[in-house]
Amino acid sequence: MEKLAKTKQILQKSIALSAYIRFLHLIDVIDSTGGWKKLDPLEESLLNKLVLMATKQDEPILVKDLISIASIASQATLHGRVKSLERKGLINLIADQDDARKKHVYPTQLAMKRYEMLSDNFERALGSAEQAYAN
């Protein structure tokens, strides 16, 4: 009985792993066919952070808030990546009305479409894993 439980556990891990591998493959497909250039890991991390911040807080997000994530890279490097995300059409930078030195950062519709596609494909990968486990 214990051997059967262990085998079942290994199978569950294998199916979960294969779902994740399918999801990673789908991300690659999305990146190559989604109408945008592939993001480097730093750009991806910044965009993820921006979208998370945008969904959690009602206040506008400033570039300095986004760049203050100094634990992932230097501020100069992060500033370059913010500019790159803007060139790729994934974020908008809008000057503050009271202080033009401050820039507000917003994810674009293209960025949000990317997250919708990722979410759909994640659900699809999980669904196929659950279906494989049920069979």
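This chain uses plain numbering: 1 for the first residue, then up along the sequence.
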K.L.:
Look at the side-chain heavy atoms of Ile, Leu, Val, Met, Phe, Trp and Tyr, link any pair under 4.5 Å apart, and say whether Tyr106 and Leu66 land in one connected group.
P.N.:
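No, because Tyr106 and Leu66 fall into different hydrophobic clusters, even though each may have its own neighbours under 4.5 Å.
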
K.L.:
Would you indicate whether the side-chain heavy atoms of Lys83 and Leu93 approach each other to under 4.5 Å?
P.N.:
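Leu93 vs Lys83: side chains touch.
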
K.L.:
Evaluate Arg114 against Glu44 for salt bridge (Lys or Arg N to Asp or Glu O under 4.0 Å), listing each step before the verdict.
P.N.:
CA-CA 11 Å; Arg114 181 175 193 276; Glu44 183 114 24; 3.4 Å; yes

K.L.:
Of the non-hydrogen atoms in Met112 and Pro107, which two are nearest, and what is the gap between them?
P.N.:
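For Met112 versus Pro107, the nearest heavy atoms are SD-CB, 3.9 Å.
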
K.L.:
Please step through side-chain contact (heavy atoms from CB on, under 4.5 Å) for the pair Val63 and Lys102, ending with a clear verdict.
P.N.:
CA-CA 7 Å; Val63 169; Lys102 294 181 180 179; over 6 Å; no

K.L.:
State whether the side chain of Thr108 and the backbone N or O of Asn92 hold a donor-acceptor pair below 3.5 Å, judged by distance alone.
P.N.:
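Checking the backbone N and O of Asn92 against the side chain of Thr108, no donor-acceptor pair under 3.5 Å is found.
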
K.L.:
Which heavy atom of Leu90 sits nearest to which heavy atom of Ala111, and what is that distance?
P.N.:
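Nearest pair, atom of Leu90 first, then Ala111: O-CB, 3.2 Å.
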
K.L.:
Where is the tightest heavy-atom contact between Leu78 and Ala73, given as atom of each residue plus distance?
P.N.:
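Answer, listing the atom of Leu78 first, then Ala73: CD1-O, 3.8 Å.
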
K.L.:
Is there a side-chain contact between Val82 and Lys103, using heavy atoms and a 4.5 Å cut-off?
P.N.:
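Sidechains of Lys103 and Val82: no contact.
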
K.L.:
Side-chain heavy atoms under 4.5 angstrom apart, residues restricted to Ile, Leu, Val, Met, Phe, Trp, Tyr: same cluster for Leu47 and Ile94?
P.N.:
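Unlinked, Leu47 and Ile94 end up in two clusters.
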
K.L.:
How would you list all residue pairs meeting side-chain hydrogen bond (donor to acceptor under 3.5 Å, both in side chains) that involve residues 45-65, not counting sequence neighbours?
P.N.:
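Residue pairs with at least one partner in residues 45-65: Asn48-Tyr115.
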
K.L.:
Where is the tightest heavy-atom contact between Glu86 and Ile91, given as atom of each residue plus distance?
P.N.:
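That would be N-CG1, 3.5 Å.
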
K.L.:
Looking at CD1 of Ile67 and CG of Leu62, how far apart are the two atoms once the value is rounded to the nearest 0.5 Å?
P.N.:
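Interatomic distance, Ile67 CD1 to Leu62 CG, rounded to 0.5 Å: 10.5 Å.
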
K.L.:
Walk me through whether Arg101 and Asp96 qualify under salt bridge (Lys or Arg N to Asp or Glu O under 4.0 Å).
P.N.:
CA-CA 7 Å; Arg101 295 172 298 173; Asp96 187 275; over 6 Å; no

K.L.:
Determine whether Arg87 and Ser84 satisfy the following criterion, side-chain contact (heavy atoms from CB on, under 4.5 Å), listing intermediate values before the conclusion.
P.N.:
CA-CA 5 Å; Arg87 282 190 304 273; Ser84 176; 3.6 Å; yes

K.L.:
Restricting to non-hydrogen atoms, name the atom on Pro60 and the atom on His104 that form the minimum distance, rounded to 0.1 Å.
P.N.:
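Looks like CB-ND1, 2.9 Å.
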
K.L.:
For a quick test of reading the model, state the closest non-hydrogen atom pair linking Gln75 to Ser68 and the distance between them.
P.N.:
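Gln75 and Ser68 have their closest heavy atoms at NE2-CA, 4.4 Å.
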
K.L.:
So Met117 and Asp120, side-chain contact (heavy atoms from CB on, under 4.5 Å) or not? Walk me through it.
P.N.:
CA-CA 5 Å; Met117 291 174 73; Asp120 291 346; 5.6 Å; no

K.L.:
Hey, what do you get for NE2 (His79) to CG (Leu46), rounding to the nearest 0.5 Å?
P.N.:
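That separation rounds to 11.0 Å.
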
K.L.:
With side-chain contact (heavy atoms from CB on, under 4.5 Å) as the criterion, how do Leu39 and Lys88 come out once you've worked through the C-alpha distance, each side chain's angles and the decisive distance to 0.1 Å?
P.N.:
CA-CA 9 Å; Leu39 302 178; Lys88 291 177 180 179; 4.0 Å; yes

